[in-house]
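Remember, predicted model here, so these are calculated numbers, not experimental data.
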2 protein chains.
Amino acid sequence: MTTWIDRFEGLSSLPADVRDILVGQSQVLKVPAGTVVFGPGKIPENLLLMLAGTVRVQQLSESGREIVLYRVNAGESCVMTTACLLAYEEYSAEGIAETEVEAAAIPRGVFDELVSRSETFRRFVFSAYSKRITDLFFVIEEIAFQRMDIRLAQRLLTLSRETDVVKATHQKLAAELGSAREVVSRQLQEFQRRDWVTLTRGTITLLDKYAIKKLAETEA
Amino acid sequence: MTTWIDRFEGLSSLPADVRDILVGQSQVLKVPAGTVVFGPGKIPENLLLMLAGTVRVQQLSESGREIVLYRVNAGESCVMTTACLLAYEEYSAEGIAETEVEAAAIPRGVFDELVSRSETFRRFVFSAYSKRITDLFFVIEEIAFQRMDIRLAQRLLTLSRETDVVKATHQKLAAELGSAREVVSRQLQEFQRRDWVTLTRGTITLLDKYAIKKLAETEA
DNA sequence: TTCGCTTCGGTGACATTGTCACCAACGGAT
DNA sequence: ATCCGTTGGTGACAATGTCACCGAAGCGAA
């Protein structure tokens, strides 16, 4: 029988008994876009395995600025909830459902049992951690060392996957990059001047993805 | 009998059989200051539990700049090695022994067995992960949103714990903060102008820790 | 429609930080 | 003493962040 487990690469080879625990003891739930999946003041009770949708994990500063750390997509697990399941200390990041999200919720106790019983599950969990940590390393490298125009170009491309239109305010883009609105606005104007994009209120239309990609791939 | 295990808070309540495995199957080793404990191209074979000394974990950019991510001190574990034990992908961070380092090395297989058998050990491992992830969140917040003078003041304080003297070149301090030497030099000159420090080649002497602390604690 | 409100984006002035080129001072090695 | 690599100082400039303020676009109510 196929279950949602099969959507996770790392879990395909789980032995039958472990599979049964995982499927039997977890609950598939759906939350609407905009839901705060975890965040300061919310004690997470479950490890989430994302079946559909996207969760955006972001950091807020006291001064009101924010930065997007990474996104958790379908087929991945939201280990921040685990990390904070173990409650090292109060964390300042929060996870927000960007779309409607469907996820399997594994309660704390079940999670612990699975880690204990299954080497496959352990591998899955630890490699999820590794991925997030390397994601964070990447973010740090970007904000510390990369030019804004390059980062903006990269972000426009990732936010526009199939289509050529990015629906986002300059403010939202600035939050993606941990920068200020004015900086993003000015960069976008420069892109427009080069006929790479057209700008209208709330949307950026990519005219010359090739040129943008070339900038995004600039090294050093 | 007391062993090095007792130096780790989280491991004090390990059952006797698990203790025996941990002590029996791991090896205490010593490496001199400057050793690259892990890094690109080095496949880590062990989880390291730090008994004495400090490991500095830092990130290098292609352009040659660098930034210190965090330090692993005695009584903590170096989970980056675990993360990359599971080898998610090539990581760009490296760990360097800042002092002579004494550590217990737990081989991969033993680590796996311990995680499987002991809930205490699991807690220990996962809270180590949580701590590192929150460390990284903190670093991101700092570099994205915090002013350099404040960050420099903070760093000078943490690097001068008991003494009032920081032995470091401006270049090293810049690497700590992911900034440029000139920026650090100028900030230090400003601190000197205010009679907070005196500067000589390779050392910064803190004259007015109180004033520095006050700056370091500035919010927003 | 028109009015009024909110959100979004544009702008200039300025502060901070990063980059570059270059030089001078220091200190160790010969 | 001389040489030389390291360290730090400097000025000019570029890139980014901050602030105050404004006008335009959208949207709902009258």
*Looking at every strand, decide which applies to B/R151 at a 4.0 Å heavy-atom threshold: base, sugar-phosphate, or nothing.*
nothing

*asked:* C/dT7, OP1 or OP2 - any side-chain N/O from A/H170 closer than 4.0 Å?
replied: no

*Measure from CG on B/D149 to P on C/dT16 and round the result to the nearest Å.*
8 Å

*Nearest to the side chain of A/T169, which nucleotide is it out of D/dT7, C/dC8, C/dG18?*
C/dC8

*Can you tell me how far P of D/dG11 sits from CZ of B/R186, to the nearest Å?*
10 Å

*Report the distance from atom CZ of B/R147 to atom P of C/dT17, rounded to the nearest whole Å.*
7 Å

*Is A/R65 near enough to D/dT18 that one of its side-chain N or O atoms lies under 4.0 angstrom from OP1 or OP2?*
yes

*asked:* Using a 6.0 Å cut-off, check whether atom CD of A/E9 has over 12 heavy atoms from anything other than its own residue.
replied: no

*Is there a side-chain contact between A/E141 and B/E62, using heavy atoms and a 4.5 Å cut-off?*
yes

*Candidate nucleotides C/dC22, C/dG18, D/dG5, ranked by approach to the side chain of B/R201 - the nearest*: D/dG5

*For atom CD of B/Q187 and atom C1' of D/dG8, their distance in whole Å*: 15 Å

_Just to be sure I understand the rule, does A/Q189 reach a base, reach only the sugar-phosphate, or reach nothing, if contact means heavy atoms closer than 4.0 Å?_
sugar-phosphate

*CZ of B/R193 versus C1' of D/dG9: gap in Å, rounded?*
17 Å

*Evaluation steps, ring pair (Phe, Tyr, Trp, His ring centres under 6.0 Å), between A/F126 and A/F121*: CA-CA 9 Å; A/F126 283 119; A/F121 192 76; over 10 Å; no

*Roughly how many Å is it from CD in B/Q171 to P in D/dG5, rounded to a whole number?*
18 Å

*A/K172 NZ to C/dG9 P: how many Å, rounded?*
12 Å

*Taking A/R181 for its side chain and A/A174 for its backbone only, find out whether a donor-acceptor pair lies under 3.5 Å.*
no

*Donor-acceptor pair under 3.5 Å: do we get one between B/R181's side chain and the base of D/dG9?*
yes

*Please determine if B/R194 forms a cation-pi arrangement with B/W196, meaning its NZ or CZ atom is less than 6.0 Å from the six-membered ring centre and no more than 45° off the ring axis.*
yes

_Candidates C/dG18, D/dA24, D/dG17 - which lies nearest the side chain of B/M148_ = C/dG18

*Residue met sooner reading DNA chain C from 5', once A/A144 and A/A168 are mapped to nucleotides*: A/A168

*asked:* Rounded to whole Å, how long is the line connecting atom CD of B/Q146 with atom P of C/dA15?
replied: 20 Å

_Modelled atom types, side-chain donor and acceptor of A/T163 and A/S160, under 3.5 Å_ = no

*For the side chain of B/E182, starting at C-beta, report the closest nucleotide among C/dT19, D/dT6, D/dC21.*
C/dT19

_Short side-chain N/O contact from A/S179 to OP1 or OP2 of D/dT16, under 4.0 Å_ = no

*asked:* At 4.0 Å (heavy atoms only), tell me whether B/E190 reaches a base, stays on the sugar-phosphate, or touches nothing.
replied: nothing

_Phosphate OP1/OP2 of C/dG10 contacted by A/S185 side-chain N/O (<4.0 Å)_ = yes

